[in-house]
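The figures that follow rest on heavy atoms only: side chains count, while hydrogens, waters and symmetry mates do not. Protein chains get the first letters and strands the later ones, always in sequence-line order, with residue 1 at the start of each.
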There are 2 protein chains.
Amino acid sequence: MSNQIGLGLHHLKTLNALRQTGSLVEAARMLHLTQSALSHQVKELESRIGMELFVRKSKPLRFTSAGLRLLTLADDLLPQIRLAEQDLLRLAGGESGRLHMAIECHSCFQWLMPTIDSYREHWPEVEMDFASGFNFAPLPALARAELDLVITSDPLLSPELVYIPLFDYEMLLAVSRRHPLAQKEWIAPTDLRQETLITYPVEHSRLAVFKDFMDKAGEEPAATRTAEMTLMMLQLVASQRGVCALPNWALAEYLDKSHIQCRPLGEQGIWCTLYAAIRAEHQEQPYIVDFLETAKETCFSRLDGIRPCKTNEVSYSLSTVL
Amino acid sequence: MSNQIGLGLHHLKTLNALRQTGSLVEAARMLHLTQSALSHQVKELESRIGMELFVRKSKPLRFTSAGLRLLTLADDLLPQIRLAEQDLLRLAGGESGRLHMAIECHSCFQWLMPTIDSYREHWPEVEMDFASGFNFAPLPALARAELDLVITSDPLLSPELVYIPLFDYEMLLAVSRRHPLAQKEWIAPTDLRQETLITYPVEHSRLAVFKDFMDKAGEEPAATRTAEMTLMMLQLVASQRGVCALPNWALAEYLDKSHIQCRPLGEQGIWCTLYAAIRAEHQEQPYIVDFLETAKETCFSRLDGIRPCKTNEVSYSLSTVL
DNA sequence: TGAGAATAATGAGTTTGATTCAATTTGCGT
DNA sequence: ACGCAAATTGAATCAAACTCATTATTCTCA
């Protein structure tokens, strides 16, 4: 008779995910559950409350007043719980540690900076450092324990490394607004035959445009040139010096301002996953785990166009079995 | 890997109960769980956090910093959840209703007033009223639906009534500090042979001092006289006009101030349960359920000496089976 | 408007975590 | 050292929450 409703934290998390994603399927993916689970869960909760939590029909998913009430509750509670858990982890498992990281793509600074900022508040003792640039291979360095974390979308499987997926994103081709390709709905590999493709200065085999798009069709762009920074690439694109493939979330903020448009690669689009690579021994380390958690939160709250990823973790043993 | 700790609301509730009661046994009783359950629960949580939550030895149960951190979390979250659930209940199941109540013992005003105050904030539409006094029988009136809630420690089983236990309390004998009985550790039935016993003006068979103490031993006090109010009784006791049996929680606030002392009745003491009687059909009514919830909260936070009760609910069918 | 794809609901079966029960250990007062 | 109450422990049980497989609904685009 007590606790009529029996609200649980998972309910709040579900509602929250539901709001962020706008659909059961996506929310389920974000929570690493099945869509069925959520359906049951919500239904059960609704029956206990005695009214619906959201209107099912209608695409961007509208919440009822009851749903909204629970969402405000979630907004109050979840962050507090997050903080408390962080405090506990710090209290328990050594406050300090080393977190030397490297990113493979400069765009990542966009979310890495805020991530680090909020992380540092909670782990002031963790010694942080980064390296970036295309002139050295970070993953081997990670395996050798010269680094502790590498952000990459191009996993290099190795027994001592584990890849934690952060989010899925789409590779888009950025073209000038006046460029003929801007007219097309989506880009075919042959469309790039006469284009100059601007890329980061790394081997083509590690770039999704090549690996998953051009190479598959046996096509090549007319020319390639490299640039180290996203902004510079976009300047070149805007000046009609070429086209380039970039993550949708990195592009998002430039789309209105600049004279740039973007188009999917292929009819389905090319979707990639961004991973955080860490050494397997670090998998349970509170200060590492919390960094990853913070990173995901930051990304999902600041980046447009990204999606929660299906898989939960990629390690050597796991994926070599597949 | 996500959500390292997996904190749940039941953890917070447990910690909270542990603080209030000071022991696993009592906390378990308060939560209507076994003590074993709590032991497992706490142990599991501690193992996930990686440190102890409280020091086991040491009687008034000391919390570690981790434990304290979680308690502050509990203090933040639990009330918010409570509020949200109230809001939902109101949203869902009609905001209004009738709540006419009666108390059998004037002392209950002590906790009933604050209960009503905080209740009214959340259920402004509920129409409240009370009756009190010894000149009419409230339980039959409740069965006849003239009342909706009766506070009593003396259940009168009837098929349409249900008794929700609020808390357990001890009946104590109040005596003047200069009274000879003040010297005794505890009071025996024979001790009252030459005393004047002051009681509320109801049948003796409904008073625990008689039913569970004197009658059992076949004893009688030298005389009895009645008074309607606790305060008046205590004045009489202080003036050596007699002794009286009152609930420990009702006595608590007068002990220091006045020249009154109190002693257990019998070696084990006499423990009673205070119930809220409602009509069975009202068992699920949100506005009733919430009133009971509010009452319990108020009692446990304001009354000294009371204990959570073992049983969860007493109804006609249930107890006639026993 | 009707076929196909995506999303949601449903039912049965399974898993997992929380709880109980029974037995044992620990701590404390005499 | 003994005895009692409280706490721990392990095995067994139970129920909530989840998955899988299927069906129903809704959306969208020809």
Side-chain angles (χ1 to χ4, degrees), chain A residues 2-15 17-49 52-64 67 185-186 267-269 271 307-308 310-312, chain B residues 2-15 17-18 20-49 52-63 67 185 267-269 271 307-308 310 312:
Chain A
S2 174
N3 228 18
Q4 199 79 140
I5 297 185
L7 204 53
L9 290 181
H10 56 290
H11 292 130
L12 299 183
K13 291 185 183 145
T14 297
L15 271 274
L18 230 31
R19 174 178 47 185
Q20 275 185 55
T21 61
S23 92
L24 285 192
V25 202
E26 286 278 285
R29 181 180 284 169
M30 169 167 265
L31 300 167
H32 304 302
L33 290 175
T34 59
Q35 164 271 336
S36 176
L38 291 201
S39 182
H40 282 297
Q41 196 186 97
V42 170
K43 188 166 193 233
E44 167 65 15
L45 182 58
E46 285 178 331
S47 92
R48 284 195 291 219
I49 291 182
E52 306 242 298
L53 290 170
F54 54 87
V55 202
R56 277 90 215 289
K57 40 209 80 183
S58 95
K59 206 30 190 257
L61 195 52
R62 251 189 38 257
F63 291 92
T64 66
E185 198 56 43
W186 50 272
E267 200 164 0
Q268 320 299 327
W271 283 83
R307 297 209 302 213
K310 306 139 218 250
T311 58
N312 204 0
Chain B
S2 177
N3 230 16
Q4 198 79 137
I5 295 183
L7 204 51
L9 290 181
H10 56 290
H11 292 129
L12 298 183
K13 292 185 182 146
T14 297
L15 272 272
L18 272 174
Q20 276 185 54
T21 61
S23 91
L24 284 192
V25 203
E26 286 278 286
R29 182 178 286 169
M30 167 166 268
L31 300 168
H32 303 301
L33 290 176
T34 59
Q35 163 272 343
S36 175
L38 292 200
S39 183
H40 282 296
Q41 194 185 97
V42 171
K43 187 164 195 237
E44 167 66 14
L45 181 58
E46 285 179 331
S47 93
R48 285 196 289 221
I49 290 182
E52 307 242 299
L53 288 171
F54 55 87
V55 205
R56 276 93 216 289
K57 41 207 81 183
S58 95
K59 209 25 189 264
L61 195 52
R62 253 193 32 260
F63 291 92
E185 200 54 44
E267 199 162 2
Q268 320 299 330
W271 283 84
R307 298 209 300 213
K310 306 137 218 251
N312 205 0

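Using a 3.5 Å distance cut-off with no hydrogens or angles, the side chains of A:Thr64 and A:Glu52 do not pair a donor with an acceptor.
B:Leu33 pairs by the side chain to side chain contact (heavy atoms under 4.5 Å, CB included) definition with B:Leu31, B:Ala37, B:Leu38, not counting sequence neighbours. Contacts of B:Val25 classified as side chain to side chain contact (heavy atoms under 4.5 Å, CB included), with partners at least two apart in sequence or in another chain: B:Ser23.
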* Could you walk me through whether B:Leu7 and B:Ile49 pass the side-chain contact (heavy atoms from CB on, under 4.5 Å) test, one step at a time? => CA-CA 9 Å; B:Leu7 204 51; B:Ile49 290 182; 5.6 Å; no
* Apply side-chain contact (heavy atoms from CB on, under 4.5 Å) to the pair B:Leu53 and B:Phe63, showing each step before the final yes or no. => CA-CA 6 Å; B:Leu53 288 171; B:Phe63 291 92; 5.5 Å; no
* Worked check of side-chain contact (heavy atoms from CB on, under 4.5 Å) between B:Val55 and B:Leu61 -> CA-CA 6 Å; B:Val55 205; B:Leu61 195 52; over 6 Å; no
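Separation of atoms CH2 (B:Trp271) and CZ (B:Arg307) is listed at 4.0 Å; rounding is to 0.5 Å. Rounding to the nearest 0.5 Å gives a distance of 10.5 Å between NE2 of A:His11 and CG of B:Leu9. Atom CG of residue B:Leu24 and atom CD of residue B:Gln35 lie 5.5 Å apart, to the nearest 0.5 angstrom. Note that CZ of A:Arg56 is 7.0 Å distant from OG of A:Ser39, once rounded to the nearest 0.5 Å. Rounded to the nearest 0.5 Å, atoms CE (A:Met30) and OG1 (A:Thr14) are 12.0 Å apart.
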Table of protein N/O atoms under 3.5 Å from nucleotides 16-20 of chain D N/O atoms:
| unit_1 | atom_1 | unit_2 | atom_2 | d |
| --- | --- | --- | --- | --- |
| D:dA17 | OP1 | A:His10 | NE2 | 3.4 |
| D:dC18 | OP2 | A:Gln41 | NE2 | 2.9 |
| D:dT19 | OP2 | A:Thr34 | N | 2.8 |
| D:dT19 | OP2 | A:Thr34 | OG1 | 2.6 |
| D:dT19 | O4 | A:His40 | NE2 | 3.4 |
| D:dC20 | N4 | A:Ser36 | OG | 2.5 |

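Contact annotation: B:Lys43 reaches the phosphate of D:dT9 (side-chain N/O to OP1 or OP2, under 4.0 Å).
If you check every strand for non-hydrogen atoms under 4.0 Å, A:Ser39 touches a base.
Ion pair B:Lys43/B:Glu46 not flagged as a salt bridge, since none of the NZ, NE, NH1 or NH2 atoms sits closer than 4.0 Å to an Asp/Glu carboxylate oxygen.
Using five terminal pairs a side, the axes of the helix from C:dT1-D:dA30 to C:dT30-D:dA1 at its two ends make an angle of 40°, given in steps of 10 degrees.
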* Structure fact -> Reading nucleotides 24-30 of chain D from 5' to 3' and marking B where a protein heavy atom lies under 4.0 Å of the base, S where only the sugar-phosphate is that close, and - otherwise, the string is --SS---
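A nucleotide of DNA chain C counts as in contact with chain A when one of its atoms lies under 4.0 Å from a heavy atom; the first and last such, 5' to 3', are C:dT7 to C:dA12.
No more than 12 heavy atoms of other residues, nucleotides or ligands shown are found within 6.0 angstrom of CZ on A:Arg62.
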